[in-house]
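Here is the structure we will look at.
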Amino acid sequence: MPNTEDTSHQAISSYFIGPGAENLDHFKTNIENILTEVKNARDAYFPESPKFIPDEIRTSAEFVRLTTNFGNAVRKAAQLMGKHSVPFWSPRYEAHMAADCTMVSLLGYFMTMLYNPNNVAIEASPFSTAAEILVGEQLCEMLGYNNNHGIPDLPTGWGHITCDGSVANLESIWVARNLKFYPLSLFLAIQEGELHFVADSFEVETCSGERKRFTKLSTWELLNLQSDTILNIPQMLNDRWGVSPTFIEKALEKYNIQSIGKAALEERFNIRKPIQYMLSNTRHYSWPKGGAISGIGSDNFIGIKVDNEARVDLTDLVAKLEQSLESQQAVYAVVAIIGSTEEGAVDRLSEILRIRRQFQRKGLSFLVHADAAWGGYFASMLPRKIMTQAAKADPFEGVETTGDGFVPDLSLKADTQEDLLALKCADSITIDPHKAGYIPYPAGSLVYRDERMRYLVTWTVPYIGRGSLTNIGIYGVEGSKPGAAAMSTWLSNQCIGLGENGYGALLKEASFTSTRFAAHWAAMTTHKDSFICVPLNRLPAEISGGDVEAQKKFIREEILSKSNAEIVASDPQKHTMTLLRALGSDLNINAFAINWRYPDGTINDDIEEANYFMLRVVKRLSINSPSEKPTDIEFYLTSTEFKHEEYGACAEVFMDRLGIDVSTQNLMVLRNVVMSAFPTEHDFIGKLIKRFRKVVEEEVEVCRARNAVGPAENSFIMQGADEIFLVYQPCFQEAKRRRQLILRVRLAPNDLDKYLKAKGSSETVILKTANATSLETLLNAVKTNMPAIFKGKLFSSAGKPLGQIKVSIAQIIKNRSLSSKNRDKKYPETYMPFYLYGTATQRHISHMLLKSPNIELSAGNVKLDLDTDIETSELSRGAILCFTDVHEAPMQPFSVKNGRLPRGFFFRSGQKFNVKVWRDLKKAENSGPGLLPDTFKGMGPELASGTIELRDDVYVDSEGINKDPFDKSSGDEVQEEWRELFQEIRDQLV
């Protein structure tokens, strides 16, 4: 039963329509109030105006027909929207950063949308522009920025609404770029322009604290002036010489980066090393995108390694900053991610600020931007008395802390509390109300510690004083934007409150729910389970070297099996709560991975098979095509990918903890994002986990079957007439068929006649084993000189039956494993390799499968024109033939579907290619990566060169080798299904 004494939860329960629409009556009442006021507003505007839509029209047949049709269509559209929309409002939805929006935010958006104000200019949006200004002040206060112009030596903050965090990040890049080049433009305006009269006596303080004449500053010193120094320059010029902002703007006009571009200033000051951004490898994609748009270049967004918790590695950051200092390569900004979108990791912003102070003393200065698109609203969890305490350099000055942080009972780690408090010292912050603010899309935001920074992205000088607040749209990237977003955000912030008792309480409950989920991911499996579950964030015992299994046992007994009230009642020393706080990510995203066990308990060690396992699980717990019914899914999760080039050692440690052989392949990771405050009641999490376990255990059986060895139906392509060769049709997706195999076989005379007759009626003959057959048994028989005989059925390439024969295996020419650990990291870049085999009179080729995905290409009885004859012994053991003028890497992956080749496909009858032939130095059974070098060098003795011509016996297949036999889904009919759905709406208009 819910705790009816908990007034905080009672308040939170009033914020939302509710998972079961429990509060819809209140929502309806407010909608009616809004519509009443819409009517009142329209009636009150010059009521003496005539009725433009009189009753005679409203009762006319055409009017009635159309309004009826519209109503029917709207009703049907609403029905389909409810049926086919993902249920973000439900606690069962734990996937993306999406949840039920607050009622007041929806009402604010709805009421404003009816008036459709455009917040690009005040004349189009007088009320919603004021709302946007107030939103900026609300967010500044929540994040610790100063809103009071009367505090000396402390800048005043400013913020505004953007359509999303990506645009806010782009604007911050724009500002950082312009700020870095502003001193260069000013230098030229003083040295050779209209500000020449200040050249002899205008002084500023350098980054390291030295007082110098501005015109004596080196380019390096100009590029490293502190932001406060740069923004103070207009005021300094005004104080000393009475120079107005308008004059400065005019004086800078022909030197401003906004006008002449970055390249011109770089040329004038001989800047040869590109100025860089530095941020974690886990950065959002909007950062390199912003680099491309701003002209900085995505390559100059330098990735910093991440630690095992996916936070920025401070050691690597310091090393790269030292390198920049030593080589005098300037840095625009260092970005701290306050809640990565994949793992909820909070970079050590407090430490990054300390690092900046250290480097400024050495002469290197840069902005610090906090990408808190996800994590910004979590600052509301901190007590207002410490968050609003003015901070100039050190956010912790005068703030008492303990080992558990500033607030011991807060469901945030101590480090996370510190870094949220440090937001007040960041130069700018991206924060998305439409994420943890529970506001409808689109509502991002960018907030500046110093309001003067916004002038850097207009064509005006960093203004003295506050300046105009009317046309707020001039300061951002966008032009037109909905005033509804600003009103929605302001109303929700105002009604709920941005402190500990408002949004702070809401996010506290969501965070606590997240830790309850984290406890399950950390301790849900034992060695007796058919799978293992490993969270990204390690248990305290793992970090300290303690007894991990004992800690998991404690979690199972003292947390998983108990309600919230039971935990609190049985935890007088708060040991359990301390452990709970340490579980999971820094915020409320849990990243975890699962891996399956073989029936004997052995853990799968293949990363590709672990990824496949997780892919199948997440497909069943998410929507994968528009035609699926969202209401059929009981529990929603999502996934991400840890790319090795981004996560490095973090990914490798994670693989090792999963029992996977460490690899440079990307690792799939599951995620649950917790935004609902409700799942901890009624043991709801336990029910969701039970569903998760059921799905996982079912998929374990699929993976076991996929990786089981033993009898199977096997297929071969048949080649040759004087000697018969079988080319095995492999499949990357099944262990039983995960091999490249070429055999020489014998047929009895009558069976040979059947085959030759079949070959005469079909371009390609396929042989399928008549019964489930174990290849291993057959191949082992060959190796021990025992008979290796099986019955097979002949088919045309189109699937037509052509008879049955008996086959005896005479020789294994190639038998190589295609498991992931035996494949190469990349496709051949300068050639395309084939196996060459056959007899003196008939030669055949089959494409070497070195990487997945791939394509099966084979050709029988090819015509070779070589400068040297290939000895029969080389053909018997199988040589390597390369198309020297076909580069495989650019062609992969091939798109051959349902056996249909693209027009002009290169591998077809009648085509001729230049080739070279080498001896294969590997034995027939050799497997593993590196079967071929990157170039022709090191392949072994070259046997011949010349040309090859393909004849009629050509076989191509890109589906069979890659097709997953366990995946029955098909997206071919999706588009048509959706057309039918929308036709249901159109039908209402007839």
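Small disclaimer: the values here were computed from a predicted structure and weren't measured. Heads up: numbering here begins at 1 and tracks the sequence.
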Check whether any side-chain N or O of N178 sits under 3.5 Å from a backbone N or O of L456 as a donor-acceptor pair, and report yes or no. yes

Q138-N493 side chain donor-acceptor pair, cut-off 3.5 Å: yes

Would you tell me whether W287 and D371 have side-chain atoms, one donor and one acceptor, within less than 3.5 Å of each other? yes

For the pair F366 and F359, name the ring-plane relationship: parallel under 30°, tilted 30 to 60°, perpendicular over 60°. tilted

To the nearest 0.5 Å, tell me how far C140 SG sits from N148 CG. 12.5 Å

Any donor-acceptor pair under 3.5 Å linking the side-chain atoms of N169 with those of S286? yes

Partner residues of F197 under the side chain to side chain contact (heavy atoms under 4.5 Å, CB included) criterion, sequence neighbours left out: L195, W241, V243, F247

Decide yes or no for L225 and Y182: does some side-chain heavy atom of the first lie under 4.5 Å from some side-chain heavy atom of the second? no

Pair N118, S480: side-chain N/O donor-acceptor within cut-off below 3.5 Å: yes

Salt bridge (charged side-chain N to carboxylate O under 4.0 Å, His left out) with K254: which residues, sequence neighbours excluded? none

Residues in salt bridge (charged side-chain N to carboxylate O under 4.0 Å, His left out) with E203, at least two apart? R211

I need the I439 CD1 to S445 OG distance, nearest 0.5 Å. 11.0 Å

Between S244 and T246, a side-chain donor and acceptor under 3.5 Å: no

Taking atom types as modelled, is there a side-chain donor on Y448 or E171 under 3.5 Å from an acceptor on the other? yes

side-chain hydrogen bond (donor to acceptor under 3.5 Å, both in side chains) with S105: which residues, sequence neighbours excluded? T102

Could you tell me whether E309 atom CD has more than 12 heavy atoms of other residues or ligands within 6.0 Å of it? yes

Pairs in or reaching into residues 205-226: which pass ring pair (Phe, Tyr, Trp, His ring centres under 6.0 Å), with residues at least two apart or in two chains? F202-F214

Under the side chain to side chain contact (heavy atoms under 4.5 Å, CB included) test, which residues partner D316, sequence neighbours left out? I304, K305, D313, K320

Can you give me every donor-acceptor pair (side chain of residues 325-333, partner residue at least two apart or in another chain, under 3.5 Å) with its distance?
{"from": "S327", "atom 1": "OG", "to": "Q323", "atom 2": "O", "distance (Å)": "2.8"}
{"from": "Q329", "atom 1": "NE2", "to": "P274", "atom 2": "O", "distance (Å)": "2.8"}

Can you sort out the partners of R240 under side chain to side chain contact (heavy atoms under 4.5 Å, CB included), two or more places apart, ordered by chain and number? S201

How about D419 and S350: does a side-chain donor come under 3.5 Å of a side-chain acceptor? yes

Got a sec, which pairs hit ring pair (Phe, Tyr, Trp, His ring centres under 6.0 Å) with one end in residues 411-447, sequence neighbours left out? F16-Y438, H434-Y441

Residues that R177 engages under salt bridge (charged side-chain N to carboxylate O under 4.0 Å, His left out), provided they are two or more places apart: none

Salt bridge (charged side-chain N to carboxylate O under 4.0 Å, His left out) involving E132 - partner list, sequence neighbours excluded: K481

Not counting sequence neighbours, list each pair that qualifies as a ring pair (Phe, Tyr, Trp, His ring centres under 6.0 Å) and has a residue in residues 117-146. none

